[in-house]
Amino acid sequence: MIFQILDADYTYSDKKPVVRLYGRDGSGNSVCCMVHGFEPYFYAKAPPEMAGILQEKFKEHIKKIEPVLRFEPIGYFKNKISMLKITLFDPKGVPAIRDEVRKIVGEIYETDILFRNRYMVDNGLGGMGWANVESEGTLNDNEVLSAVKIISKNVVPVDILKNASLRHLAFDIECLPLNGAMPVPETSPIILMSLAFAPEFNGKKTIVLVGKNTTLEGDFESCGSEEGMLRRFFEIIKDFDPDILVGYNSNSFDIPYVVDRVNILNKKGARIDSIAGRDGRTLYYRKIGNVTRVSVMGRIAVDVLPLLRKEFSLKQYTLRNSAKELLGTEKLDIPILEMEDYWKDNGEKLSKFIEYARRDSELALLFLLKLRLIDKYIALARVSGTLLQDILDGGQTQMVENLILREYMKHDRVLPVRPTGEVSGERYDEGEELAGAEVLPPKKGLLENIVILDYKSLYPTIMMAHNLCYTTEVVGEMPEDVIKAPNGGIFVSRNIVKGIVPSILEDLLDRRQQTRAKMKTADEDEKGVLDATQLALKILLNSFYGYSGYTRARLYSLTLAGAVTSLGRENILHTKDLIENDIKEIILKGGKVTGKDDGIGGKHIGLSVVYGDTDSVFVHLLDKEITFDEAQLVGNSIANTVTESLVKPMELVFDSFAKRAIFLAKKRYALLVQEKTAEGLKEKIKVKGMETVRRDWCEITTKTIEKVLELVLKEAKVDDAVLLVKNTINAIKTIDANSAMFEGLILTRQYTKKVESYKNKQPHITVIEKLQKRGIISNVGDRIPFVILAGNAMFVERAEDPEYVKKKNLPIDVDYYINKQILPPVERILSDFGVTREMLRGMGERKVHTETKQKQLFEF
DNA sequence: GAGGATACCTAG
DNA sequence: TTAGCTAGGTATCCTC
């Protein structure tokens, strides 16, 4: 039988551990496969003669000890050293004895790799990977909810591109707020539960459960009571058997709320069997710090909200705003204060309430399916071998470590344990800091004809080119053939030994190229999977550098991370030098790049690097008339020449051509990019770092700056831009809370940490405090909208919730918007054209005429 | 009024 | 016991 692995855990049979793999097969059955015979183990740095002592001391836990030879985790070593591979009876034995073993032997390894992960890594299996099982019988375990239950000793990975069709259940709860206060499980019951299915469940796309009896008729299920509704909810989970449980903010709110309510009701004598996991366990959550973590064994709990936060840059992530921005859908709404009214009703109001609830679960499902939110994560799981839930909950660390562990094993290297809080603290305090990338100072102002070149996957290719790895880092005596990085790091060359990380990167890079090649001939279905796969490969390629400089990584190496960045800095400076002082100019003749200047004409194009950030160079072509084709020729020519001077696989490529560009500062610029499309040459504006792409400026600012940039870059109409700004300022002067333009004044900022931890007052924090007094709670991570009110108080004190301002018709500080939101950003752009603040305010004429200024700018 | 500290968000 | 990395600009408040 072949199935795709969704999740894994372990249980016991005859006191022996049994790994359970949960998944779905090609014909749509949910599968649980019990694997017997795998045993937990870890390593200890100790000579063979220690084996007897340890065996004797921990005989209840240790099954056997084998003397083995292994490499230590970090450093280039000629020889392996003596270690002990300690095999235990029970996975729980590892945490039970590891601290004491460490005290005896000094160093232990791989003691904190979860048993299910250890099993998968050792057997070449991984999250969302396909597995082939030879069934040795079926299991009669009523606890396990999977449709097919089999027993096996031998599970092998199978390479299948497509994914099994998964079953999705989206849900959302509505709680009854008491007197308009935020609902808490202690007092506020759940009154409605809405569910949406893909594929359909018994012919239904949605079901709304109502936690009371009602005379109302319609498309919903009356459950008599909250208890009855919750029972029905868990019954549906069991019957529909979803692989993916989706919600909006569900892992932080809905699921914990349901768990808490079930506990409260059961304490009062209710009998709600809240089984949700395929292992037969009840729904539960854990609180780690201020983050709740939900796991539903055998299924994937997907909270759409954090995924949207990662994927899309929005000003607000309320369900209402996300649905509007990303799906173009309106959310239905009922004012919190009227909810009780709607709920008590048995007519039209209740009916509305039900439809409002229904929409919320539908939206959660729509986000997941329409935006294909988890495709990327599924691909990441497959490529890295990590369980899908771990990737959704965690970050890059697990994926990188998973890949490294698999390769370390093959090379007889052991992995350290994850550092404790203290160790990672020490790593910070050692004084040395990781220096990052080089940013070349931009030539400020307006420029024409700029070719943008960038390095493909710079950091990974640096690691490959220079054999930078934990396993090549020189820690002892100096070998003959080494690479010295500018940060002082020394690594053995690949002639001596090829690093494990560079090998992994090469493999990822190869697979990415192959995947992209396959996309060209694939059908639409396959294309989607392949595209997600190539994206996942790119993400993983770029994760290794960050991981190496992460103080909490098992394999933290400031030397390695610093070698990467120092070589990166050296490289971009070298690239600039090469272009300006070596290549100097490109000669075009007959639509081609001419190698040598033969003295008989041709178009000589001088080159000047005007900006660069980390892995890019912006080359100003010193000629007024440049076509796109010429720019491309020049760009490719420079890229080729530079690439030839580099160690493979480092590669500089032509990225784009900007007809005009305006540079304000490092990381702040706008380009008028020319692109070739099927319909011919297209122009579009690309903005980086400026107010139009920042979420902490109001819409009036972003819109104004967008228009100013458009006028300046596309048409060089500086006077029109000035006029536009003047008009905007005049319009702002008359705005009040009831104006149509009011929405344009709303600023948002993220509430990033607990209120107490702020050393300085912040406008959005004062709003949070004001809202709290009105019974509205904000959560860390929320983006808080606010406007600035008129008055004599300090700026931060005058921030206020826009809804409240509208309701109370409070006066707006129009001067703030003119002087702080419009004038400074506009001035930064237009000052270079001789525009002053006074002119923008309407007090004075610009001295330098547009054309004159243009001429000056474009003289060489 | 300059300059530092804090906070936020973005580039890469 | 959550969490890839650094560089850099801008606004505001605080200290001198």
Side-chain angles (χ1 to χ4, degrees), chain A residues 95 112 251 286-293 306 310 313 315 390 392-401 417-424 433-442 454-455 457-459 539-558 560-562 564-566 568-569 572 611-616 655 663-669 686-697 701 747-753 757-765 780-781 783-784 788 794-799 816 819-821 824-825 827-828:
Chain A
D112 54 355
N251 287 2
R286 285 168 297 159
K287 249 196 140 99
I288 308 166
N290 23 347
V291 168
T292 55
R293 190 139 290 180
K310 268 191 240 171
S313 176
K315 287 205 172 176
D390 290 345
L392 290 165
D393 293 343
Q396 298 174 11
T397 311
Q398 297 213 47
M399 297 189 280
V400 171
E401 286 180 352
V417 295
R418 191 165 293 140
T420 61
E422 297 137 45
V423 173
S424 51
E433 280 203 327
L434 174 54
E438 184 76 35
V439 186
L440 305 177
D454 65 6
Y455 280 91
S457 306
L458 179 68
Y459 286 177
I539 292 168
L540 286 172
L541 270 168
N542 288 314
S543 297
F544 281 79
Y545 152 70
Y547 174 82
S548 70
Y550 173 45
T551 49
R552 311 185 69 129
R554 288 172 197 271
L555 296 174
Y556 166 75
S557 169
L558 192 56
L560 174 58
V564 175
T565 52
S566 66
R569 291 192 298 274
I572 191 175
Y611 182 57
D613 187 346
T614 313
D615 58 355
S616 65
D655 174 81
F663 294 95
L664 302 184
K666 285 179 177 178
K667 299 188 188 283
R668 261 151 226 246
Y669 60 91
K686 257 195 189 174
V687 183
K688 296 288 180 185
M690 293 168 61
E691 291 75 8
T692 57
V693 295
R694 293 181 63 90
R695 291 176 287 183
D696 49 357
W697 291 82
T701 303
L747 303 144
T748 65
R749 284 184 118 184
Q750 191 177 32
Y751 170 26
T752 55
K753 55 193 175 190
S757 340
Y758 281 87
K759 290 186 180 163
N760 288 344
K761 279 233 150 188
Q762 294 294 322
H764 56 309
I765 304 305
V780 172
R783 294 191 63 86
I784 312 296
I788 303 301
M794 280 216 314
F795 165 76
V796 287
E797 303 293 342
R798 287 186 282 117
Y816 165 79
N819 294 322
K820 302 289 181 179
Q821 286 283 316
E827 227 182 335
R828 281 193 279 272

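In what follows, chains are A, B, ... by sequence order, proteins preceding strands, each numbered from 1.
- For A:L434, whose side chain is taken as the heavy atoms from C-beta onward, the closest listed nucleotide among C:dT1, C:dC5, C:dA11 is C:dC5.
- Atom CG in A:L440 sits about 14 Å away from atom C1' in B:dA11, given to the nearest Å.
- Contact of the A:S616 side chain with the A:Y455 side chain is not registered, since no non-hydrogen atoms from C-beta on lie closer than 4.5 Å.
- Atom CG of A:D615 and atom C1' of B:dA11 are 10 Å apart (whole Å).
- Across all strands, A:Y816 comes closer than 4.0 Å only to sugar-phosphate atoms, never to a base (heavy-atom distances).
- Take A:R783 and apply the salt bridge (charged side-chain N to carboxylate O under 4.0 Å, His left out) test, not counting sequence neighbours, and it matches no residue.
- Note on A:V439: only backbone sugar-phosphate atoms sit closer than 4.0 angstrom, heavy atoms only; bases stay farther off.
- In this pair, A:Y758 and A:H764 present their aromatic rings perpendicular. The plane angle is above 60°, beyond the 30 to 60° band.
- A 4.5 Å side-chain heavy-atom check between A:M399 and A:L540 finds at least one atom pair inside the cut-off.
- At the heavy-atom level, A:R569 lies nowhere under 4.0 Å from the strands shown.
- Spacing between atom CG of A:L558 and atom C1' of C:dG4 amounts to 14 Å, rounded to whole angstrom units.
- Listed pair A:K666 / C:dG8 meets the phosphate criterion, a side-chain N or O lying under 4.0 Å from OP1 or OP2.
- Residue A:K667 places its side chain closer to C:dG8 than to any other of C:dG8, C:dA11, C:dC5.
- Atoms CG (A:L392) and C1' (C:dT2) sit 15 Å apart, rounded to a whole Å.
- Among the heavy atoms of the strands lying under 4.0 Å from A:F795 are primed sugar atoms or P, OP1, OP2 only; no base atom is included.
- In this structure the side chain of A:Q762 reaches within 4.5 angstrom of the side chain of A:N760, judged on heavy atoms.
- Note on A:K820: a side-chain N or O is less than 4.0 Å away from OP1 or OP2 of C:dT12.
- Side-chain nitrogen and oxygen atoms of A:K688 include at least one within less than 4.0 Å of the OP1 or OP2 phosphate oxygen of B:dG12.
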**Fill in**
With B for base contact, S for sugar-phosphate-only contact and - for none (protein heavy atoms under 4.0 Å), nucleotides 1-9 of chain B reads -----SSBB

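- Remark on DNA chain C: of its neighbouring residues A:A435 and A:R418, the 5'-side contact belongs to A:R418, judged by nearest-heavy-atom nucleotide.
- In this structure, A:L555 places its CG atom 14 Å from C1' of C:dG4, rounding to the nearest Å.
- In this model, the phosphate group of C:dG4 is approached by a side-chain N or O of A:T397 to a distance below 4.0 Å at OP1 or OP2.
- If you measure from atom CD of A:E401 to atom C1' of C:dT1, you get 14 Å, rounded to the nearest angstrom.
- In this structure, CG of A:L664 is placed 16 Å from P of B:dT10, rounded to the nearest angstrom.
- Residues A:I765 and A:Y751 are in side-chain contact: their nearest non-hydrogen atoms beyond the backbone lie under 4.5 Å apart.
- Remark: A:Y550 is in phosphate contact with C:dA3, judged by side-chain N or O atoms under 4.0 Å from OP1 or OP2.
- Distance noted for atom P between B:dG12 and C:dG4: 22 Å (whole Å).
- Across all strands, A:G436 comes closer than 4.0 Å only to sugar-phosphate atoms, never to a base (heavy-atom distances).
- In this structure the side chain of A:R418 reaches within 4.5 angstrom of the side chain of A:E401, judged on heavy atoms.
- Considering only residues two or more places apart in sequence or on other chains, A:K667 meets the side chain to side chain donor-acceptor pair (under 3.5 Å) condition with A:D613.
- The nearest whole Å value for the distance from the CZ atom in A:F544 to the C1' atom in C:dC5 is 15 Å.
- When heavy atoms are screened at a 4.0 angstrom cut-off, A:P763 is found touching no nucleic acid atom at all.
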